[in-house]
Amino acid sequence: MPEPHPILGLLNTPHQFSYESGVTITRVEPELARGVLAVNENSHNPHGQVHGGALYTLADTVAGCCACSKGGSCVTASSSMEFLRPAYGQEIFCEATPKKMGKSLSVIQVTLTGDGRTIATGTFSFFMLPAPSEGA
């Protein structure tokens, strides 16, 4: 069995924003990342649906893991989300795959699902950060 990706140990720990928000990264391999949002009482909007900000946190985190799935680090440059239907339930799943993996910029697409239905889709662009030895 292959070693777990280093991103899993970094993000799936206390005091990381995504972890404290209920996001767990479940799989990272080159050009693929998956994660899940464990919905709790703090994840809802006033209408009892999963808050769009919680869905965005899941999407951004999983997309960033995909962008860095071959190594390196990144920061979000831009994003767009299409919220297609209200989200309910105890878990929301996200899968991220690349549209473009680049040295300077990567573009990642995400699909969020819950109860077997697509809840939202999105596109995230990431600035790929140079390794410390490469300079800024």
Using the rule that Ile, Leu, Val, Met, Phe, Trp and Tyr join whenever any side-chain heavy atoms are under 4.5 Å apart, tell me whether [X] and [Y] fall into a single cluster.
{"X": "I7", "Y": "M101", "result": "yes"}
{"X": "V62", "Y": "M81", "result": "yes"}
{"X": "Y56", "Y": "V23", "result": "yes"}
{"X": "Y88", "Y": "L58", "result": "no"}
{"X": "F127", "Y": "V110", "result": "no"}

Closest non-hydrogen atom pair, [X] against [Y]:
{"X": "E91", "Y": "V36", "result": "CB-CG2, 3.9 Å"}
{"X": "A63", "Y": "A96", "result": "CA-CB, 3.9 Å"}
{"X": "I92", "Y": "G114", "result": "CD1-CA, 4.3 Å"}

Is the shortest heavy-atom distance from the side chain of T118 to the side chain of T111 under 4.5 Å?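 Answer yes - side chains close enough.
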What distance separates [X] [atom1] from [Y] [atom2], expressed to the nearest 0.5 Å?
{"X": "S106", "Y": "M128", "atom1": "OG", "atom2": "CE", "result": "4.0 Å"}
{"X": "L129", "Y": "C74", "atom1": "CG", "atom2": "SG", "result": "7.0 Å"}
{"X": "L112", "Y": "E82", "atom1": "CG", "atom2": "CD", "result": "11.0 Å"}
{"X": "T13", "Y": "E20", "atom1": "OG1", "atom2": "CD", "result": "8.5 Å"}
{"X": "R34", "Y": "C65", "atom1": "CZ", "atom2": "SG", "result": "13.5 Å"}

Backbone N/O of [Y] and side chain of [X]: donor-acceptor pair under 3.5 Å:
{"X": "H5", "Y": "R27", "value": "no"}
{"X": "S69", "Y": "E31", "value": "yes"}
{"X": "N12", "Y": "T24", "value": "no"}

Is it true that, when you exclude [X] itself, more than 12 heavy atoms of the residues, nucleotides or ligands shown sit nearer than 6.0 Å to its [atom1]?
{"X": "F83", "atom1": "CZ", "value": "yes"}
{"X": "R117", "atom1": "CZ", "value": "no"}
{"X": "Q90", "atom1": "CD", "value": "no"}

Checking side-chain polar atoms at under 3.5 Å, does D60 have a donor or acceptor matched by the opposite partner on T76?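 Present: a donor and an acceptor within the cut-off.
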With a 3.5 Å cut-off and no angle check, do the side chains of T123 and Q109 form a donor-acceptor pair?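 Checked: T123/Q109 side chains show no N/O donor-acceptor pair below 3.5 Å.
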Could you check T97 against I108 for side chain to side chain contact (heavy atoms under 4.5 Å, CB included), going step by step and ending with a plain yes or no? CA-CA 6 Å; T97 56; I108 309 298; over 6 Å; no
Applying side chain to side chain contact (heavy atoms under 4.5 Å, CB included) to V75 and F126, what does each step give before you reach the verdict? CA-CA 5 Å; V75 294; F126 293 91; over 6 Å; no
